[in-house]
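Just so it is clear, the values below take in all heavy atoms, side chains as well, and ignore hydrogens, waters and symmetry mates. Because the structure is a prediction, the values reported are computed rather than measured.
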Amino acid sequence: MNVRIAAVSVASAALVAVGATSAVAAPAPADITLKADHASVKLGDVVTFTGKTTGLKEGSKVTLQVKSGATWKSLPVTAKVNHSAYKLTDKFQKKGVQVLRVKDGAAVSKAVSVTVR
């Protein structure tokens, strides 16, 4: 009986050690920031969005998304990450408050709002 308990203890310790090693070796999660150059614009005006990234590869493509109800829709506006930064522009054709974010894979920025009048 004591041999069985000892074997289970050794196996458990080995599993815990392997799990701890895997957790340490995991890459840091990617992060994206987002800033709009204007908080309020007239219909048809261009807004420039800029941001910085960490954990994304050079040349990664970020996509601008707009919130539509409870879902996010990708716009045909993309930019490549260059020196851990990006810059993109969009022209708004719909009045109201537009809630936007930038996404690359699982990495998503916090949302920003632009009021189109």
Side-chain angles (χ1 to χ4, degrees):
M1 186 74 141
N2 289 339
V3 173
R4 179 185 263 171
I5 293 172
V8 169
S9 296
V10 169
S12 296
L15 289 172
V16 169
V18 169
T21 303
S22 297
V24 171
D31 186 45
I32 306 174
T33 65
L34 176 64
K35 182 179 176 184
D37 68 343
H38 297 303
S40 181
V41 295
K42 292 181 183 175
L43 190 67
D45 284 353
V46 174
V47 178
T48 300
F49 298 93
T50 56
K52 297 188 185 245
T53 66
T54 55
L56 295 181
K57 293 181 180 179
E58 286 291 307
S60 293
K61 186 169 63 170
V62 294
T63 303
L64 187 64
Q65 294 185 319
V66 64
K67 192 164 191 179
S68 178
T71 62
W72 290 96
K73 295 189 178 183
S74 293
L75 299 173
V77 180
T78 62
K80 287 189 177 183
V81 174
N82 186 16
H83 299 291
S84 299
Y86 67 90
K87 177 180 177 179
L88 44 83
T89 59
D90 195 23
K91 212 184 259 195
F92 295 98
Q93 303 300 327
K94 182 179 175 185
K95 289 185 176 183
V97 176
Q98 305 295 315
V99 180
L100 303 124
R101 71 181 187 181
V102 173
K103 181 176 180 170
D104 176 70
V108 178
S109 71
K110 290 184 179 179
V112 297
S113 296
V114 175
T115 302
V116 182
R117 4 177 248 294

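For the side chain to side chain contact (heavy atoms under 4.5 Å, CB included) criterion with Val114, the lone passing option out of Leu100, Asp37, Val66 is Leu100.
Taken together through direct or relayed side-chain contacts under 4.5 Å among Ile, Leu, Val, Met, Phe, Trp and Tyr, Leu43 and Val46 form parts of separate hydrophobic clusters. Residues Val99 and Phe92 are members of separate hydrophobic clusters, defined by side-chain heavy-atom contacts under 4.5 angstrom among Ile, Leu, Val, Met, Phe, Trp and Tyr. Val108 and Val81 fall into different hydrophobic clusters, defined by Ile, Leu, Val, Met, Phe, Trp and Tyr side-chain heavy atoms under 4.5 Å apart, directly or through other members. Linking ILVMFWY side-chain heavy atoms closer than 4.5 Å, directly or via other members, places Val116 and Val77 in a single hydrophobic cluster.
Rounding to the nearest 0.5 Å gives a distance of 12.5 Å between OG1 of Thr115 and NZ of Lys95. If you take CG on Leu88 and CG on Leu34, they are separated by 8.0 Å, rounding to the nearest 0.5 Å. Note that the CZ atom of Arg117 and the OG atom of Ser40 stand 3.5 Å from one another [nearest 0.5 Å]. Considering CG of Asp45 and NZ of Lys91, their distance stands at 9.0 Å, rounded to 0.5 Å. Note: Asp31 CG to Leu56 CG = 8.5 Å, rounded to the nearest 0.5 Å.
Scanning all heavy atoms of the two residues, the minimum distance from Lys87 to Thr48 falls at CE-CG2, 3.6 Å. Residues Arg101 and Ala111 come closest through the heavy atom pair CB-CA, 4.4 Å. Residue Ala107 comes nearest to Ala30 through the heavy atom pair CB-CB, 3.7 Å, listed as atom of the first residue, atom of the second, then distance.
The side-chain heavy atoms of Val102 and Tyr86, taken from C-beta on, include a pair separated by under 4.5 Å. Contact annotation: the side chain of Val47 never approaches that of Asp90 to less than 4.5 Å [non-hydrogen atoms, C-beta and beyond].
No donor-acceptor pair under 3.5 Å is formed between the side chain of Ser109 and the backbone N or O of Ile32. Put simply, the side chain of Glu58 gets close to the backbone of Ser84: a donor and an acceptor are under 3.5 Å apart.
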